[in-house]
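To start, the structure under review is shown below, and the notes come after it.
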2 protein chains.
Amino acid sequence: MSSSRATLMQVAERAGVSLASTSRALHGTGASQAMVDRVRAAAAELGYSPDAIGRSLRMKRTFQIAFAVADIGNPVYVEMLTAIHEVLAPHGYRVVVMSTGPTVGTTVDLVRSLGSGFVDGLIVSPLRTDDALVEAIRQAPVPVVVIGRSLEKQGIDSVSTDSAAGLGQAVAHLVEIGRRRIGFVNGPLDTTPGAARQRGFDAATSAPAFAGEHAETERADDFTVTAGLAAARRLLSRTPAAGPFDAVVAANDLLAIGVIRAAGELGLTVPGALAVTGMDDTEIGKVFQPSLTSVSLGSADRGRAAAQLVLDRVGDVVEPAQQIAIGPHLVVRESTTTPRADAVAGPPASKEKSAR
Amino acid sequence: MSSSRATLMQVAERAGVSLASTSRALHGTGASQAMVDRVRAAAAELGYSPDAIGRSLRMKRTFQIAFAVADIGNPVYVEMLTAIHEVLAPHGYRVVVMSTGPTVGTTVDLVRSLGSGFVDGLIVSPLRTDDALVEAIRQAPVPVVVIGRSLEKQGIDSVSTDSAAGLGQAVAHLVEIGRRRIGFVNGPLDTTPGAARQRGFDAATSAPAFAGEHAETERADDFTVTAGLAAARRLLSRTPAAGPFDAVVAANDLLAIGVIRAAGELGLTVPGALAVTGMDDTEIGKVFQPSLTSVSLGSADRGRAAAQLVLDRVGDVVEPAQQIAIGPHLVVRESTTTPRADAVAGPPASKEKSAR
DNA sequence: GTGAAAGCGCTAACAC
DNA sequence: GTGTTAGCGCTTTCAC
């Protein structure tokens, strides 16, 4: 921490030219070479660096974008954040991380707080959505891009994925490898992902292709390992008339890990006695033992797309609301296939295989 | 995105009072109740919300703190970020996430960029440090807190931990459970953590208590699972004259997971044939199978401490540079103890046990 | 190509 | 307790 910073005014005085010329010289907009040299020299001598706040006030742009999620600890959001940062930083934008809290109410508050104009745009991935939130986003004074549910009809930019279809891919894969009695460990139904995935599971297991087999859902309190462990214990303690479960579909990778731990407690081998699939295709799932078959929802892609979208909006591209969809795809790994001892590789993007 | 936002001036006109009174009324500083009511009503009618930029320019405070790390995907940094956010948000501070890049040079650039005054302070955890960086931090126009190496002598606020001692705890634990031939999988030596951990391992294994046993280091290219897997393959393919390795100390949890995967490839059971310890006590280590014995370096605590420190500094607390140390402690889990089938619990903070 | 001046939205002296 | 006014640092008309 040293002496107070130099202002443009001081640079101007030092160079012996006007404030306006100094500004122009530093931006290279319509100034003679002599002027540019002179001003640059003065700026260097003073260690001048332009003040972001003064500039923001004048230009009405902060060069900041907010990214808001319920829980920044969740690996999916971390992947999104990384991707968003990678897209925005080269354009000179900073990323402000915010927390929505678990409820819609606090998310609405957050969107309203955009009124203080500290960012040029917002990327938000709400766990739950209602009319008040939709309305708040519509009224927001800066562009908002939603990652999650498609909100195109509501006139809101959104980046979505078809997690219901993704769940279908997981079920189809399990049926294909001969599993017949499939349990589903889902998270809370009142969340956007929870609801979509339940729809996907119900649709997949009531399709003709699934006839004659057994399907059953158990709901975890949260999308975490701990909640998944508890839910799986409940699920696996029941034995359907059709026979014991031979597969479990989990609504995300963390729940899937909980399921595998529960299987271990009960002496069930994975995938031998119980095949398990996750969703989100996280790093942790790739390195877990057994590595996790998982439905990729393209977290990084969704982050990138959202960042690009908000960048377009901030750049005054006035178009109707856009909806970008990232297709889910299944990545098959050890938790649904017999592992070969020598095939235990590191985090491989190579073993991918698209299903359906 | 709707109509342009209302300004304080407009609220003043609407209320039929002066600009200053409006400001005062809204802040509750020396205004009559009647004035407050009147102004509040006008503000509400206009949906006024104060402009953060105008206020920042005037107050010379942005209410933003930057958090900069090389790789925001690393679970340790995510934990720090969460803790930092939790401390700062209640004080009205936003968190700006920045990337230092892997080299010292880009970190120096980042510190210099503080000159544009977009944040009131910085928390940075550099992987590598040199004189130029120390000097840049000293010259920085806003308070900077370093998480990592102690920089008290250089007059810089820092939050550190004794990872060398932590490594000693891991080695002591392995010796205690009867392991005699211990390998060490470290990350790059030219990083601050890499160097410290190597020092710790060398010290622990050259202490009298370790006499007559075998110690050997293998260096991974990076602190990742993939690099750990490759390094462990190299290490375990060698058989010391004293006999095969019966334990591996890894410099962090990600490396440790790579080690366990390598052990699996070679048919070595963990912890039966090979006991493995990690460091950082991450979430992923807790849920891994086998769950990871790990040296906690108090990531969340360090984040909290750094946030508190930067908060004190921006609050004009002028004191000599502070150095806060968070003590490491060993958390024993399955990877160094025989697991009981029914003891495979969820992420437990309960099974902790301090060593030494 | 250069300079003078206005003004972005806000807070804090300073008078009354 | 209230109003008037200056000014934070910058960009951008507008005249010349």
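In what follows, every chain begins at residue 1, and chains take the letters A, B, ... in the order their sequences are listed.
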Q. Among C/dG3, C/dT11, D/dC10, which nucleotide sits nearest the side chain of A/Tyr48?
A. D/dC10
Q | Side-chain heavy-atom pair B/Leu57, B/Ile53 within 4.5 angstrom cut-off | A | no
Q. B/Ser21 side chain N/O closer than 4.0 Å to the phosphate oxygens (OP1, OP2) of D/dG3?
A. yes
Q: Would you kindly give the CG-to-P distance between A/Asp51 and D/dG7, to the nearest whole Å?
A: 18 Å
Q | Among C/dC8, C/dC10, C/dG3, the nucleotide that comes nearest once only the side chain of A/Leu57 is considered | A | C/dC8
(Q) Holding to salt bridge (charged side-chain N to carboxylate O under 4.0 Å, His left out), I want the full list of residues that pass it with B/Arg94, two or more places apart in sequence or in another chain. (A) none
Q | A/Asp131, CG atom: more than 12 neighbouring heavy atoms under 6.0 Å | A | no
Q: For A/Ser23, report the nucleic acid contact type (base, sugar-phosphate, nothing); a contact means any heavy atom under 4.0 Å.
A: base
Q) How many Å lie between CZ on A/Arg61 and P on D/dT12, as a whole number? A) 11 Å
Q) With respect to the phosphate group of C/dC8, does any side-chain polar atom (N or O) of A/Ser56 fall under 4.0 Å of OP1 or OP2? A) no
Q) OP1 or OP2 of C/dT11 less than 4.0 angstrom from a side-chain nitrogen or oxygen of B/Arg55, does that happen here? A) yes
Q. Would you say the base of C/dG9 and the side-chain of B/Arg5 have a donor-acceptor pair closer than 3.5 Å?
A. no
Q.
Tell me which one of B/Val145, B/Val76, B/Ile147 satisfies side-chain contact (heavy atoms from CB on, under 4.5 Å) with B/Ser125.
A. B/Ile147
Q) Any chance the side chains of A/Ser158 and A/Glu152 put a donor and an acceptor closer than 3.5 Å? A) no
Q: Determine: side-chain N/O of B/Lys60 to OP1/OP2 of D/dG9, distance under 4.0 Å, yes or no.
A: yes
(Q) Under 4.0 Å, heavy atoms only, any strand: does B/Ala31 hit a base, just the sugar-phosphate, or nothing? (A) sugar-phosphate
Q.
Quick check for you: to the nearest 0.5 Å, what is the distance between B/Ile123 atom CD1 and B/Met98 atom CE?
A. 13.5 Å
Q: Assign each of A/Ile53 and B/Ser32 to its nearest nucleotide of DNA chain D by heavy atoms, then name whichever residue's nucleotide is nearer the 5' end.
A: B/Ser32
Q: Could you check if a side-chain atom of A/Ser23 sits within less than 4.5 angstrom of a side-chain atom of A/Leu8, using non-hydrogen atoms only?
A: yes
Q.
Whole angstroms only, please: what is the NE2-C1' distance between B/His27 and C/dG9?
A. 12 Å
Q: Counting heavy atoms from C-beta on, name the nucleotide in D/dT2, C/dA4, C/dG9 closest to the side chain of A/Ala20.
A: C/dA4
Q: Kindly point out which of D/dG9, D/dC14, C/dC10 is positioned nearest to the side chain of A/Arg24?
A: D/dC14
(Q) Within residues 8-19 of chain B, which residues have any heavy atom lying less than 4.0 Å from an atom of DNA chain C? (A) B/Leu8, B/Leu19
Q | Identified side chain to side chain donor-acceptor pair (under 3.5 Å) partner of A/Asp157 from the options A/Arg313, A/Gln323, A/Gln322 | A | A/Arg313
Q.
Quick check on DNA chain D: between B/Met59 and B/Gly30, whose nearest nucleotide comes earlier from the 5' end?
A. B/Gly30
Q. Given C/dA12, C/dT2, D/dC10, which nucleotide is nearest the side-chain atoms of B/Arg58?
A. C/dA12
Q: Calculate the interatomic distance between B/Leu26 atom CG and C/dG9 atom C1'; express it in whole Å.
A: 13 Å
